[in-house]
Amino acid sequence: MNLSAVALTGGLALPAAVLSACNVAPKQDDRASFVMEAREGLGYFERHVSGLRGQISQSAGYAVFPGAGQWGSIFTGGSFGRGAVFSSNGTQIGWAAENQFNVGLQAGGQGKKILIVFQDQPTLDLFKQGLLTGKVEGMAVAGDKGTTGTSSFQNGLAVYVGAEDGLMAGGMIGMEKFQYRALGAEDNSGN
């Protein structure tokens, strides 16, 4: 998939506005239920990706975005959402916000789940610092079509994308579109 100037021109304003309009952490009152949703999101991926638990246990950690909003037309689209970041043993270490622009064959507007596994500590540290750049192709995971195997790491990341109601074709994740906040350094206002 190649980015084109035409696709970028029409699609960058809305994603930038979405990310700047929301804080990284959910509202204080919503945090416990959000973490529970993130853990359920991980369970979704574990049920449908054989070997995922082993991949995670050998990693530095992972981020789960349990209900990222998705919009799409034939060739452009994007998403936004909040996630919880965990160490490989399942302890939450922070929050993340995702706002990215996709180019590729897409259809629909359903929500999706995203799981990002960080291969090693240097990759997780770059994520925390907002220094990861480039795009990683996400492996599509369909909940109603059986299981699939783990994705190979690309630049220190394995990315999985799943949707409850149907599956979106394509799935480039722009890593420079993520923000991270450590627990204890959360946005206090939340959105």
Side-chain angles (χ1 to χ4, degrees), residues 1-3 7 11-12 14-15 18-19 22 24 34-35 37-56 59-86 88 95-119 123-124 127 132-180:
M1 292 182 217
N2 293 322
L3 293 176
L12 289 178
L14 182 58
V18 170
L19 186 58
C22 73
V24 176
F34 186 89
V35 170
E37 286 178 42
R39 292 186 191 285
E40 290 168 4
L42 176 63
Y44 165 88
F45 287 108
E46 288 179 329
R47 286 189 302 276
H48 301 294
V49 179
S50 62
L52 181 60
R53 175 57 26 215
Q55 185 180 48
I56 288 173
S59 74
Y62 56 95
V64 182
F65 296 82
Q70 179 78 38
W71 69 90
S73 61
I74 294 300
F75 293 106
T76 64
S79 67
F80 61 93
R82 286 194 180 110
V85 183
F86 300 89
S88 61
W95 303 100
E98 174 257 347
N99 182 33
Q100 54 110 3
F101 181 70
N102 295 325
V103 176
L105 182 62
Q106 301 179 37
Q110 75 272 16
K112 64 180 178 172
K113 300 176 189 318
I114 300 172
L115 170 66
I116 302 172
V117 182
F118 304 99
Q119 183 175 17
T123 303
L124 178 57
F127 177 81
L132 286 179
T133 60
K135 304 214 179 313
V136 178
E137 189 167 345
M139 172 186 262
V141 178
D144 58 352
K145 299 193 179 192
T147 62
T148 186
T150 57
S151 176
S152 298
F153 285 104
Q154 300 173 39
N155 300 320
L157 303 167
V159 177
Y160 301 90
V161 180
E164 293 292 342
D165 299 323
L167 189 61
M168 295 199 60
M172 296 296 279
I173 304 293
M175 292 311 300
E176 61 276 357
K177 304 299 181 186
F178 285 84
Q179 292 181 325
Y180 172 81

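Just so it is clear, the model here is predicted, and its values are computed rather than measured.
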Verdict with supporting geometry, Y180 and V24, side-chain contact (heavy atoms from CB on, under 4.5 Å): CA-CA 7 Å; Y180 172 81; V24 176; 5.9 Å; no
side-chain contact (heavy atoms from CB on, under 4.5 Å) between F178 and I116, worked out: CA-CA 11 Å; F178 285 84; I116 302 172; 3.6 Å; yes
Pair L157-V117, side-chain contact (heavy atoms from CB on, under 4.5 Å): steps then yes or no: CA-CA 6 Å; L157 303 167; V117 182; over 6 Å; no
Stepwise side-chain contact (heavy atoms from CB on, under 4.5 Å) test for L42 and I56: CA-CA 10 Å; L42 176 63; I56 288 173; 3.6 Å; yes
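Under the side chain to side chain donor-acceptor pair (under 3.5 Å) criterion, S59 pairs with no residue at all, not counting sequence neighbours. Applying the ring pair (Phe, Tyr, Trp, His ring centres under 6.0 Å) rule to F86 yields the partners Y62; only residues at least two apart in sequence or on another chain are considered. Scored by the salt bridge (Lys or Arg N to Asp or Glu O under 4.0 Å) test, R53 finds E46 as partners (sequence neighbours excluded). Here E40 pairs with nothing under the salt bridge (Lys or Arg N to Asp or Glu O under 4.0 Å) rule; sequence neighbours left out. Partners of F118 under the ring pair (Phe, Tyr, Trp, His ring centres under 6.0 Å) rule, at least two apart in sequence or in another chain, are F127. By the ring pair (Phe, Tyr, Trp, His ring centres under 6.0 Å) test, F34 pairs with W95, sequence neighbours left out.
Between L52 and T150, the shortest heavy-atom distance links the atoms N-CG2, 3.5 Å. Nearest approach of A38 to A84, heavy atoms of both residues: CB-CB, 3.9 Å.
Between the OG atom of S152 and the CD atom of E137 there is a distance of 11.5 Å, given to the nearest 0.5 Å. Note: M139 CE to H48 NE2 = 14.0 Å, rounded to the nearest 0.5 Å.
Side-chain contact between K113 and F45 is present, with at least one heavy-atom pair separated by less than 4.5 Å.
A donor-acceptor pair is defined here as one N or O able to donate and one able to accept, closer than 3.5 Å; such a pair exists between the side chain of Q55 and the backbone of S151.
Of the candidates L115, V35, V85, I114, V64 forms a side chain to side chain contact (heavy atoms under 4.5 Å, CB included) with just one, namely L115.
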